[in-house]
Every structure is written in structure tokens, then in C-alpha cells.
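Structure, as C-alpha cells:
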Amino acid sequence: MKKKALKLILPAILVLLSCGKLAGTPKVQAAVTTANISAMSPSKNAANFMDFIAKKKSLTSAQKNEAKKAAKLLRTGKLGATAAPSWFTTTVKFGSPDDATSAANIAASLPNLTSLNQKRAKLGEKRLKISLISTAISMIDSDYQKRGGLAHPQYYHYAGNLENLAAGGNPVTMWLGEKANWKWDVKKTPSLARYQFAPNWSNKKYTHAVLGTNGYKTAGHYTNVVNKNHRVMGMAHMTQSPDYGYVDAYNATNKGAKSAITLTKYRALVKQWLAKKG
């Protein structure tokens with residue numbers, strides 16, 4: 001039986017958060033497998049999905065251009081002037097049903113995206129749109145976990161994305177579960193209360209609370225999910241972790257809203273793509 005793992009990394013002001021739990025088989029993955037999505041052709045992968053989006057006449061030029069960039073990133077590992085990481089070709093595997101880029105795992109991420117936006121809405125915060133590039137990065141970072149353990153590649157620093165990782169459990173539930181830690185931290189330092197929904201990286205006590213250092217309890221996964229400044233997100237699900245069985249990655253930022261797609265539209269595009277032959 002695997003022990004619960006927790007790892008937090010703070011490069012500059014960018015908080016990269018990971019959370020691990022006991023391994024197992026996610027219910028949503030079992031559901032999409034039952035729907036025979038995993039039996040689809042290997043050509044039914046995330047890059048192919050981005051190609052499909054890039055050709056939709058109903059989308060704006062900005063949205064279609066982002067889809068093209070996301071497709072290139074998934075195929076080559078390159079993002080703008082950033083070259084592919086050395087581990088890209090050994091971790092991202094089109095055609096593998098367990099890869100984050102598979103049709104089954106693209107579908108498996110939808111309930112988590114929906115759940116996260118529902119939780120934000122209950123707090124009176126904006127529902128996040130879907131950034132296709134952040135989605136692609138989440139897929140690549142999820143696939144990175146095939147190497148073992150649970151760690152952030154810290155390779156693509158796109159648009160100030162803040163990243164959460166979760167393994168072996170419902171990711172949104174796990175991340176929001178740190179609300180209790182945040183309350184404990186606020187009780188310890190009441191002045192932190194004002195930063196619950198808006199980060200203040202210049203405040204050392206806030207940083208300690210996010211990372212769970214210097215006598216504080218880790219609350220960074222929670223604050224990343226409820227961050228009122230975020231406008232877009234991307235999520236991915238991978239089912240080939242040697243230590244946890246499966247891993248979910250979430251990236252969110254306050255940039256890129258004009259080229260992002262509403263979650264309702266994104267869900268519809270996934271459905272259309274899965275129904276499309278070839």
C-alpha cells in the first residue's frame with residue numbers, strides 16, 4: 001500500500017503544487033472504457049483533437065490559432081522558442097490508451113473540469129474557460145509522471161500558469177480538502193484571511209502557508225483552485241503511473257481568456273470529435 005505523498009515547489013513566484021494519494025482505478029476511467037472510447041483508432045489522440053478544433057468555423061481566429069499551437073506542442077514538444085524537453089519522446093505516447101493524450105483520458109478529464117467550475121461558482125467566482133495550450137501542457141506534465149513518483153517538470157513556463165498535481169484520487173476533492181489547512185493557517189495568522197482568494201507572493205507568511213513550511217499547513221492546492229484572478233485552465237488525466245496508477249494535472253492562469261473556449265463549448269467539441277469517424 002502506497003503512502004500519501006505531498007510535494008510543493010516554488011520557483012520564483014510560480015507555485016507548482018503536487019498531491020499524491022493511494023493508487024486505484026478511477027470510476028470515470030472505468031465509465032469511458034465501458035463506452036468503448038479506449039478502443040478507438042490511435043489517430044484519435046489529443047493532437048488530432050486540436051486539429052479538429054482548429055478547423056471549426058464557429059470559433060474565432062484566436063481560438064483556432066491556439067488550437068494549432070497546442071497541436072504542434074503535443075506533436076513536437078516545442079512551444080514558441082522553447083525546444084522540446086529531453087524526456088518528451090519517452091513519455092508522450094500517441095496511441096497508448098493510458099496516455100494523457102488518448103481519447104479515453106481526454107473524456108475522463110471532463111467531469112473534473114466541470115466539478116472545479118461548479119465549486120468556483122458556488123463561491124461566487126468566475127467559471128474558468130479552457131486554454132488549449134494549458135491543456136496540452138497539463139497532458140505533457142501528466143505523462144511525465146510515467147517516470148515514477150510525483151513531480152513537476154518545471155519546463156514550460158507559459159502565461160504564468162500555476163499547476164496542481166494529484167494522484168490516485170478525485171483531484172478536485174483532494175485539492176479543496178486543504179481548505180481545513182487554510183483555516184488553520186488563518187487562525188495562526190489572522191492577517192492571511194484577506195489572501196484566501198487573491199494571492200500575495202510578496203507576503204512571506206502567505207508563501208509559507210501555501211507551501212506548508214515554517215510551521216504552517218499546506219494550503220496551496222486549495223488557494224490555486226479558488227484563486228479569483230484566474231480566467232483559464234487546462235486539465236489532463238493519465239493512467240500509467242507506476243506508483244499511483246493515475247495522475248491528474250491542472251494548470252490555471254489569469255491570461256489568455258480571448259483565445260480560450262468556454263467549458264460548455266469544449267465539452268461539445270469533445271463529443272463531436274469522439275463521434276467523428278476516423
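Predicted, not measured: the structure shown is a model, and the values here were computed from it. For the single chain, residues carry numbers from 1 onward in sequence order.
In this structure, the side chains of Leu79 and Ile137 come closer than 4.5 Å at one or more pairs of heavy atoms. Contact check for Gln145 versus Tyr246: no side-chain heavy atoms found under the 4.5 Å cut-off. Between Phe94 and Leu74 there is a side-chain heavy-atom pair separated by less than 4.5 Å. No side-chain heavy atom of Thr223 sits less than 4.5 Å from a side-chain heavy atom of Gln196. Looking at His221 and Val225, their side chains never come closer than 4.5 Å, going by heavy atoms from C-beta outward. Inter-residue side-chain proximity for Met50 and Lys68 is flagged as unmet; no heavy-atom pair is nearer than 4.5 Å. By the 4.5 Å heavy-atom criterion applied to side chains, Asp141 and Glu163 are counted as neighbours. Contact annotation: the side chain of Met139 never approaches that of Met238 to less than 4.5 Å [non-hydrogen atoms, C-beta and beyond].
Linking Ile, Leu, Val, Met, Phe, Trp and Tyr whenever their side-chain heavy atoms come within less than 4.5 Å puts Val186 and Leu123 in one cluster. Residues Phe197 and Trp201 share a hydrophobic cluster, clusters being chains of Ile/Leu/Val/Met/Phe/Trp/Tyr side chains in contact below 4.5 Å. Transitive grouping of hydrophobic side chains (ILVMFWY, heavy atoms separated by less than 4.5 Å) keeps Val270 and Val232 in distinct clusters.
With sequence neighbours left out, Tyr195 forms a side-chain hydrogen bond (donor to acceptor under 3.5 Å, both in side chains) with Asn200. Remark: Glu66 pairs with Ser131, Ser259 by the side-chain hydrogen bond (donor to acceptor under 3.5 Å, both in side chains) rule, at least two apart or across chains. Looking at residues two or more places apart in sequence or on another chain, you find no side-chain hydrogen bond (donor to acceptor under 3.5 Å, both in side chains) involving Tyr266. Annotation: side chain to side chain contact (heavy atoms under 4.5 Å, CB included) contacts of Gln63 (sequence neighbours excluded): Leu59, Thr60, Ile261. Remark: Thr90 pairs with no residue by the side-chain hydrogen bond (donor to acceptor under 3.5 Å, both in side chains) rule, at least two apart or across chains.
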Between Ile53 and Lys64, is the side-chain contact (heavy atoms from CB on, under 4.5 Å) condition met? List the steps. CA-CA 7 Å; Ile53 294 176; Lys64 289 186 284 188; 5.8 Å; no

Give the intermediate values and the outcome of side-chain contact (heavy atoms from CB on, under 4.5 Å) for residues Phe49 and Leu274. CA-CA 9 Å; Phe49 176 48; Leu274 291 174; over 6 Å; no

Would you sort out whether His230 and Leu162 count as a side-chain contact (heavy atoms from CB on, under 4.5 Å), showing the intermediate values? CA-CA 9 Å; His230 287 333; Leu162 300 182; 3.9 Å; yes

Would you sort out whether Leu150 and Tyr244 count as a side-chain contact (heavy atoms from CB on, under 4.5 Å), showing the intermediate values? CA-CA 9 Å; Leu150 193 66; Tyr244 301 102; 4.0 Å; yes

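Side-chain contact of Lys56 with Gln272: a donor-acceptor pair under 3.5 Å is present, judged by distance alone. Residues Asn251 and Ser138 have side chains that bring a donor and an acceptor to within less than 3.5 angstrom of each other. For Asn164 and Asn224, the side-chain atoms include at least one donor-acceptor pair closer than 3.5 Å. In the model, Thr173 has a side-chain atom that pairs as donor or acceptor with a side-chain atom of Asn170 under 3.5 Å. In summary, the side chains of His237 and Ser109 do not present any donor paired with an acceptor at a separation below 3.5 Å, with no hydrogens or angles considered. Residues Asn161 and Ser134 bring a donor and an acceptor atom of their side chains to less than 3.5 Å of each other. Counting only N and O atoms by type, the side chains of Ser241 and Asp243 include no donor and acceptor under 3.5 Å apart.
Across Gly77 and Phe88, no two heavy atoms sit closer than the pair N-CZ, 3.4 Å. For the pair Leu192 and Lys205, the tightest heavy-atom approach, listed with the atom from each and the gap, is CD2-C, 3.8 Å. Shown here for Ala209 and Trp182, the closest heavy-atom pair between the two residues is CB-CZ3, 4.3 Å. Residues Ala121 and Arg127 come closest through the heavy atom pair CB-NH2, 3.5 Å. Minimum heavy-atom separation, Ala100 to Ser142: CB-CB, 4.1 Å. Summarising the geometry of Gly169 relative to Asp248, their closest heavy-atom pair is O-OD2, 4.2 Å, with the distance given to 0.1 Å.
Atom CD of residue Glu178 and atom OG1 of residue Thr218 lie 6.0 Å apart, to the nearest 0.5 angstrom. The line from NZ of Lys179 to NZ of Lys119 is 10.5 Å long, rounded to the nearest 0.5 Å. For the atom pair Asn229 CG and Lys126 NZ, the distance stands at 11.0 Å (nearest 0.5 Å). If you take CD1 on Ile133 and OG1 on Thr253, they are separated by 11.5 Å, rounding to the nearest 0.5 Å. Ile130 CD1 to Leu113 CG: the interatomic distance, rounded to the nearest 0.5 Å, is 4.5 Å. The line from NE2 of His208 to OG1 of Thr213 is 5.0 Å long, rounded to the nearest 0.5 Å.
Listed for the Lys44 side chain is a donor-acceptor partner under 3.5 Å among the backbone atoms of Lys276. At least one donor-acceptor pair under 3.5 Å links the side chain of Asp185 to the backbone N or O of Lys217. Arg120 places no side-chain N or O within donor-acceptor distance of the main-chain N or O of Leu128, the cut-off being under 3.5 Å.
Taking the ring axis of Tyr216 as reference, the NZ or CZ atom of Lys188 stays within 45° of it and closer than 6.0 Å to the ring centre.
Applying the 6.0 Å contact sphere to NZ of Lys69 captures no more than 12 heavy atoms from other residues, nucleotides or ligands.
Exactly one residue among Asp98, Ile106, Asn105 makes a side chain to side chain contact (heavy atoms under 4.5 Å, CB included) with Ser102. That residue is Asn105.
For residues 73-88, the set of pairs meeting the side chain to side chain donor-acceptor pair (under 3.5 Å) definition, not counting sequence neighbours, comprises Asp51-Arg75.
Here the two rings, on Tyr250 and Trp175, have centers that are under 6.0 Å apart.
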